[in-house]
Amino acid sequence: MTTGQRIYEARKKAGMTQEELADRLGVSRQAVSKWESDAAYPETDKIVELCKLFSLSADELLLGAESAPRTDAPQPEQREENKPLFDKEALHFEYVSKTRVGSLPLVHINFGLGHYRAKGIIAIGNVATGLLSFGFVSVGLFAWGMISLGLLAFGAIALGLLVGAGGVATGALAFGGVAIGIMCFGGVSVGYIAVGGCAVGQYAIGGYAQGFVAVGQTGASGAHAFVMPEEYENLCAYVNMHMQGGIGELIKNVARSLGG
């Protein structure tokens, strides 16, 4: 059996198409086809990746199982002091579900010591990309991680198109130490409606507030500025006269809390 035939058999046993294998290795489908037909030979780094992917030794992949050395034979040359302090590969875990949605696996888990990327409908990894993603760096419809980007994003740095929550957060609705959005809540808030220790926006409410309507506890500046609790009655009169609906009620409720 040739090397190409062994690659073909290993791929079939793993239930992968040529396109899927090519995507995992970062090569074209035509390259995989040439390997399997023995029209071309994989590069050294691709052989290493193939061995890891199919749980084969290099001898098994290139020469066949019958030529692989016995692993139970004594190895006197391997001395205890030459063993690494830890096995990097032992700290790596990967799982790819056989169930697929389009070209993506339903679940892809890929994390460990090093750069590992998970890509699937549900993705969990050092770097994760998916509909639901969890990772140090995550991108998805719902993203959670140290750095996250998505429709709903949660993390130390969260960039959400709809909701962002984190140490630094941006989004239509943002919560964080530093929050930037249409409606935002945080130590420092900048937005159309901003609530925080220091708030800047069209409607700003906080310890210090600056905006068109500014409601502050220690200071306020803007076209209509009110300091709580001294000017709470004046604020209520302005809101009742010029503002209707939820925004007005929100301003009065938060202002009441600033006044103690």
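The CG atom of Leu162 lies 5.5 Å from the CG atom of Leu152; values are rounded to the nearest 0.5 Å. To the nearest 0.5 Å, atoms SG (Cys184) and CD1 (Ile193) are separated by 9.0 Å. Taking CD1 of Ile122 as the start and CG of Leu104 as the end, the distance is 12.0 Å to the nearest 0.5 Å. A distance of 11.5 Å separates CD1 in Ile205 from CZ in Phe226, rounded to the nearest 0.5 Å. Here CZ of Phe134 is found 8.5 Å from CH2 of Trp144. Values are rounded to the nearest 0.5 Å. Note that CH2 of Trp35 and CD1 of Ile47 are 8.5 Å apart. Values are rounded to the nearest 0.5 Å.
Annotation for Gln210 and Ala204: closest pair O-CB, 3.4 Å, computed over non-hydrogen atoms. Summarising the geometry of Ala209 relative to Ala214, their closest heavy-atom pair is O-CB, 3.7 Å, with the distance given to 0.1 Å. For the residue pair Ala153 and Ser148, the shortest heavy atom distance occurs at CB-OG, 3.7 Å. In this structure, Ala199 and Ala194 approach most closely via the heavy-atom pair CB-O, 3.5 Å. Here the closest non-hydrogen pair linking Ala174 and Ala169 is CB-O, 3.9 Å.
Side chains of Leu56 and Leu50 form no contact here, defined as non-hydrogen atoms less than 4.5 Å apart. Using a 4.5 Å heavy-atom threshold, the side chains of Ser189 and Val195 count as separate. Contact check for Leu235 versus Met228: side-chain heavy atoms found under the 4.5 Å cut-off. In this structure the side chain of Val96 reaches within 4.5 angstrom of the side chain of Arg24, judged on heavy atoms. Proximity of Val215 to Val254: side-chain heavy atoms (C-beta onward) are nowhere separated by under 4.5 Å. Side-chain contact between Tyr203 and Leu250: absent, with no pair of heavy atoms (C-beta onward) separated by less than 4.5 Å. The shortest distance between side-chain heavy atoms of Ile7 and Leu61 falls below 4.5 Å. Looking only at side-chain heavy atoms (C-beta outward), Leu53 and Leu21 come within less than 4.5 Å of each other.
Distance alone, capped at 3.5 Å, places no donor-acceptor pair between the Thr129 side chain and the Lys119 backbone. At least one donor-acceptor pair under 3.5 Å links the side chain of Ser97 to the backbone N or O of Leu106. Side-chain atoms of Ser33 never come within 3.5 Å of backbone atoms of Arg29 as a donor-acceptor pair (strictly under, hydrogens ignored). A distance-only check finds a donor-acceptor pair linking the side chain of Arg6 to the backbone of Leu62 [under 3.5 Å]. Proximity of a side-chain donor or acceptor of Asn110 to a complementary backbone N or O of Asn126 within less than 3.5 Å is not detected. With His108 contributing its side chain and Ala118 its backbone, the two residues share no donor-acceptor pair below 3.5 Å. No side-chain donor-acceptor contact under 3.5 Å links Ser138 to the backbone of Ala143.
Counting non-hydrogen atoms of neighbouring residues, nucleotides and ligands closer than 6.0 angstrom, the OH atom of Tyr8 reaches no more than 12 such neighbours. For CD of Gln30, the number of neighbouring non-hydrogen atoms (other residues, nucleotides, ligands) closer than 6.0 Å is greater than 12.
Linking Ile, Leu, Val, Met, Phe, Trp and Tyr residues whenever their side-chain heavy atoms come within less than 4.5 Å places Phe212 and Ile182 in a single cluster. With hydrophobic clusters built from ILVMFWY side chains whose heavy atoms lie under 4.5 angstrom apart, Val139 does not share a cluster with Leu151. Under the 4.5 Å side-chain heavy-atom criterion for ILVMFWY residues, no single connected hydrophobic cluster contains both Val48 and Leu25. Placement of Leu258 and Met183 within a single hydrophobic cluster is found when ILVMFWY residues are connected by side-chain heavy-atom separations under 4.5 Å, directly or transitively. If you chain together hydrophobic residues whose side chains sit under 4.5 Å apart, Tyr192 and Val188 never meet in one group.
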Next item on the list: Go through Asp23 and Glu20 one step at a time and tell me if the side chain to side chain contact (heavy atoms under 4.5 Å, CB included) criterion holds.
Entry: CA-CA 5 Å; Asp23 183 60; Glu20 292 167 346; 5.7 Å; no
Next item on the list: In sequence, state the C-alpha distance, the side-chain angles, and the governing distance for Lys12 and Glu9, and then conclude on salt bridge (charged side-chain N to carboxylate O under 4.0 Å, His left out).
Entry: CA-CA 5 Å; Lys12 285 297 185 180; Glu9 292 295 335; over 6 Å; no
Note to self: Determine whether Glu94 and Lys52 satisfy the following criterion, salt bridge (charged side-chain N to carboxylate O under 4.0 Å, His left out), listing intermediate values before the conclusion.
What the structure shows: CA-CA 11 Å; Glu94 182 173 18; Lys52 291 181 180 179; over 6 Å; no
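Comment: Glu36 engages Arg11 in a salt bridge, judged by a side-chain N to carboxylate O separation of less than 4.0 angstrom. The pair Glu49-Lys46 counts as a salt bridge, with a side-chain nitrogen and a carboxylate oxygen less than 4.0 angstrom apart.
Annotation: Tyr116 is not in aromatic contact with Phe93 [ring centroid separation under 6.0 Å not met]. For Phe185 and Phe175, the ring centers sit closer than 6.0 Å to each other.
A donor-acceptor contact closer than 3.5 angstrom links the side chains of Tyr208 and Ser221.
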